[in-house]
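Sequence positions, counted from 1, serve as the residue numbers for this chain. When reading the values below, keep in mind they use all heavy atoms of this one structure, side chains included, and skip hydrogens, waters and symmetry mates. Predicted model, so just to flag it, every value in this text is computed and none were measured.
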Amino acid sequence: MPTSVESPQRITLLGATGSIGQSTLDVLARHPSRYRVYALTAHRKVDALAALCQTWQPEVAVVATASDAQRLQELLRDGAAATTVRYGAQALADVAAAPAVDTVMAAIVGAAGLLPTLAAVRAGKRVLLANKEALVMSGAIFMEAVAEHGATLLPIDSEHNAIFQCLPNGTPVSLTATGIDSLVLTASGGPFLQASAAELAAVTPAQAVKHPNWSMGQKISVDSATLMNKGLELIEACWLFSATPDQVEVVVHPQSVIHSMVRYADGSVLAQMGQPDMRTPIAHALAWPERISSGVAALDFTRMGSLSFEAPDSTRFPCLRLAREAICAGGTWPCVLNAANEVAVAAFLAGELSFQGIAEVIEAVMQQMPVRPASELATILSADQEARACATRYIAAQSALASD
């Protein structure tokens with residue numbers, strides 16, 4: 001039903017200062033009668049969060065530490081006096097599950113987003129999922145919680161949102177029962193699609209974060225460059241749409257106009273198209289099942305040019321292969337894959353690891369950590385920490401060898 005002016009949706013935005021957070025606020029600003037911001041959270045970007053609080057006047061703002069909270073309170077002393085400042089993991093979970101909240105935008109990058117997103121699900125919220133790691137790490141537990149608590153889960157990643165839009169009734173219980181043969185995730189290929197192995201060996205962080213089509217944060221930009229982002233999306237698609245790994249294809253589409261496709265048993269292929277702008281899936285999920293303006297320009301088909309497609313190269317970009325191996329093995333391996341990747345990407349961005357070293361670290365950690373059942377959240381969190389420690393040790397050992 002349409003949201004009335006008298007009862008706007010109240011939004012908690014987890015990760016307000018990131019690219020998804022900024023795009024979400026842009027959409028919300030276009031529909032002031034439909035939405036109110038209840039809470040804004042950031043990690044350590046206190047100044048940026050203070051500016052947002054002064055504009056949006058949320059009831060609660062959450063940061064990482066007590067010192068961050070003290071600084072935020074000082075910055076808000078005159079501009080947003082009505083905002084309560086909190087800090088820490090429990091505060092994140094509290095604003096995600098608060099009774100006053102209708103919708104939670106889960107846009108915290110990485111494993112840090114798992115627990116507050118899960119708190120929103122367990123509170124039965126409408127959850128707009130931009131944090132793919134929540135499903136990568138704990139897919140079975142997460143989806144069981146969605147069903148048990150009656151949460152509404154709507155995908156924000158452009159690829160999964162595209163698939164959602166191309167399905168007959170949203171998320172199916174079974175693809176084959178819905179007449180679907182497969183899901184096709186499109187990948188831009190990142191900035192190094194045509195790079196040789198020698199060129200990949202010399203890639204710098206500054207080059208890796210310059211995506212040719214999308215405006216994203218540093219970590220996601222590097223994941224796109226290695227194709228790990230597509231690997232994580234493959235795992236996410238399996239959980240979101242009850243698909244087996246064999247039912248999820250990946251095709252490289254450099255123009256980023258078709259965001260993903262669904263193949264049907266009768267030979268039809270439905271594709272969702274649009275500008276490479278995250279405000280489109282955000283607006284779609286915010287208003288679903290309605291449609292609202294996102295501020296995104298319409299596609300001009302007369303100026304679009306050709307659309308091309310090719311198979312991904314798993315030799316030059318092994319991260320996609322590793323992700324497929326992880327979801328096929330199941331258990332804790334997707335969590336291990338994600339944790340090792342986060343550590344490796346951070347090391348690459350810090351200049352401590354080569355671009356090609358990212359995949360080497362991930363594969364080494366996966367080989368060292370056996371697959372364990374992932375039926376308990378404690379097991380998943382333990383595997384996450386163990387994989388991070390293992391990746392850190394491996395990077396340090398490789399660095400020591402290189403310096404000898």
Task: Separation between CG of L118 and CE of M137, rounded to the nearest 0.5 Å - done: 10.5 Å
Open item on the list: Counting only heavy atoms not in Y87 (residues, nucleotides, ligands), do more than 12 fall under 6.0 Å from its OH?
Closed with: no
Task: Nearest-0.5 Å distance that lies between atom CG in D384 and atom SG in C335 - done: 4.5 Å
Task: Interatomic distance, S138 atom OG to E376 atom CD [nearest 0.5 angstrom] - done: 12.0 Å
Open item on the list: Quick check: closest heavy atoms across A195 and L200, and the distance to 0.1 Å?
Closed with: CB-CD2, 3.9 Å
Open item on the list: Using side-chain heavy atoms (C-beta onward) and a distance below 4.5 Å, is I358 in contact with E360?
Closed with: no
- [ ] Any chance you could lay out the side-chain contact (heavy atoms from CB on, under 4.5 Å) test for F309 and V252, step after step, and finish with the verdict?
- [x] CA-CA 5 Å; F309 306 89; V252 174; over 6 Å; no
- [ ] Identify whether the distance between the nearest side-chain nitrogen and carboxylate oxygen of K132 and D157 falls below 4.0 Å.
- [x] yes
TODO: Output yes when a side-chain donor or acceptor of K125 lies under 3.5 Å from a complementary backbone atom of V101, and no otherwise.
DONE: yes
TODO: State whether the side chain of N161 and the backbone N or O of P155 hold a donor-acceptor pair below 3.5 Å, judged by distance alone.
DONE: yes
Open item on the list: Give me the atom names and distance for the closest heavy-atom approach of A106 to T117.
Closed with: CB-OG1, 3.4 Å
Open item on the list: Using only atom types and a distance under 3.5 Å, with no angle test, would you say the side chain of H284 pairs donor to acceptor with the backbone of R291?
Closed with: no
Open item on the list: To the nearest 0.5 Å, what is the distance between CG on L337 and CD on E342?
Closed with: 10.0 Å
Open item on the list: Test your reading of the model: is there a side-chain donor-acceptor pair from Q207 to the backbone of T204, 3.5 Å cut-off?
Closed with: yes
TODO: State, to 0.1 Å, how close A243 and V248 come at their nearest heavy-atom pair, and which atoms those are.
DONE: CB-CG2, 4.0 Å
Open item on the list: On a heavy-atom basis, which atom in A225 and which in F317 lie closest, and how many Å separate them?
Closed with: O-CE2, 3.4 Å
Open item on the list: Under 3.5 Å, is there a donor on one side chain and an acceptor on the other for D277 and Q275?
Closed with: no
- [ ] May I have the step-by-step check of side-chain contact (heavy atoms from CB on, under 4.5 Å) for M143 and L135, ending in yes or no?
- [x] CA-CA 8 Å; M143 295 307 292; L135 278 176; 3.7 Å; yes
- [ ] State, with a plain yes or no, whether a side-chain heavy atom of R372 is found less than 4.5 Å away from one of S382.
- [x] yes
Task: Donor-acceptor pair, side chain of T186 and main chain of H259, under 3.5 angstrom - done: yes
Open item on the list: Among residues at least two apart in sequence or on other chains, which ones pass side-chain contact (heavy atoms from CB on, under 4.5 Å) with L154?
Closed with: R126, L128, T152, F164, A285, W288
Open item on the list: I want to check something: taking the side chain as every heavy atom from C-beta on, are M273 and L307 in contact at a cut-off of under 4.5 Å?
Closed with: yes
- [ ] Please determine, by modelled atom types, if Q247 and S182 share a side-chain donor-acceptor pair under 3.5 angstrom.
- [x] no
Task: P8 to S33 - nearest heavy-atom pair and separation - done: CB-O, 3.6 Å
Open item on the list: Measuring only between side-chain heavy atoms, which start at C-beta, is N131 closer than 4.5 Å to L14?
Closed with: no
- [ ] Would you check, one step at a time, whether the test side-chain contact (heavy atoms from CB on, under 4.5 Å) holds for L28 with V37?
- [x] CA-CA 9 Å; L28 296 181; V37 173; 3.9 Å; yes
- [ ] Determine whether Q218 and D223 make a side-chain contact, defined as any pair of heavy atoms from C-beta on separated by less than 4.5 Å.
- [x] no
Open item on the list: My understanding is that only residues two or more places apart in sequence, or in another chain, count here; which of them pass side-chain contact (heavy atoms from CB on, under 4.5 Å) with A387?
Closed with: V336, A339, V365, M369
TODO: Might you point out which heavy atoms bring L353 and A344 nearest each other, and give the distance in Å?
DONE: CD2-O, 3.5 Å
TODO: Please answer whether the main-chain N or O of V95 pairs with a side-chain N or O of T12 as donor and acceptor at a distance below 3.5 Å.
DONE: yes
Task: Flag, side chain of E133 to backbone of A112, donor-acceptor distance under 3.5 Å - done: no
Task: Cationic N near anionic O, under 4.0 Å, K230 to E159 - done: yes
Open item on the list: Just so I know, are the side chains of E310 and V251 near enough to count as touching, which here means a heavy-atom distance under 4.5 Å?
Closed with: no
Open item on the list: Could you tell me if T244 and D246 have a donor-acceptor pair between their side chains, going purely by distance under 3.5 Å?
Closed with: no
TODO: With the side chain counted from C-beta on, respond yes when L320 and M228 share a heavy-atom pair under 4.5 Å apart, and no when they do not.
DONE: no
Task: R324 (side chain) donor-acceptor with P245 (main chain) under 3.5 angstrom - done: yes
Open item on the list: Go through it in stages, so that I can follow the logic: the residues are V60 and T83, the test is side-chain contact (heavy atoms from CB on, under 4.5 Å), and I'd like the CA-CA distance, side-chain angles, deciding distance and then a yes or no.
Closed with: CA-CA 5 Å; V60 187; T83 299; 5.7 Å; no
Task: Ion pair D313/R316, N-O distance below 4.0 Å - done: yes
- [ ] Please assess Q22 against T17 for the test side chain to side chain donor-acceptor pair (under 3.5 Å), listing each intermediate value before the final yes or no.
- [x] CA-CA 6 Å; Q22 294 298 293; T17 58; over 6 Å; no
Open item on the list: What's the separation between atom CG in L185 and atom NE2 in H253, rounded to the nearest 0.5 Å?
Closed with: 13.0 Å
Task: Non-hydrogen side-chain atoms of F241 and I180 separated by less than 4.5 Å - done: no
Open item on the list: Quick one about D26 and S23 (side-chain donor to acceptor, distance below 3.5 Å, no hydrogens or angles considered), yes or no?
Closed with: no
Open item on the list: Quick one: does any side-chain atom of T55 pair with a main-chain N or O of A51 as donor and acceptor, under 3.5 Å?
Closed with: yes
Task: S293 side, atom OG; H31 side, atom NE2 - distance, nearest 0.5 Å - done: 5.0 Å
- [ ] May I ask you to decide if P32's main-chain N or O and R36's side chain share a donor-acceptor pair within less than 3.5 Å?
- [x] yes
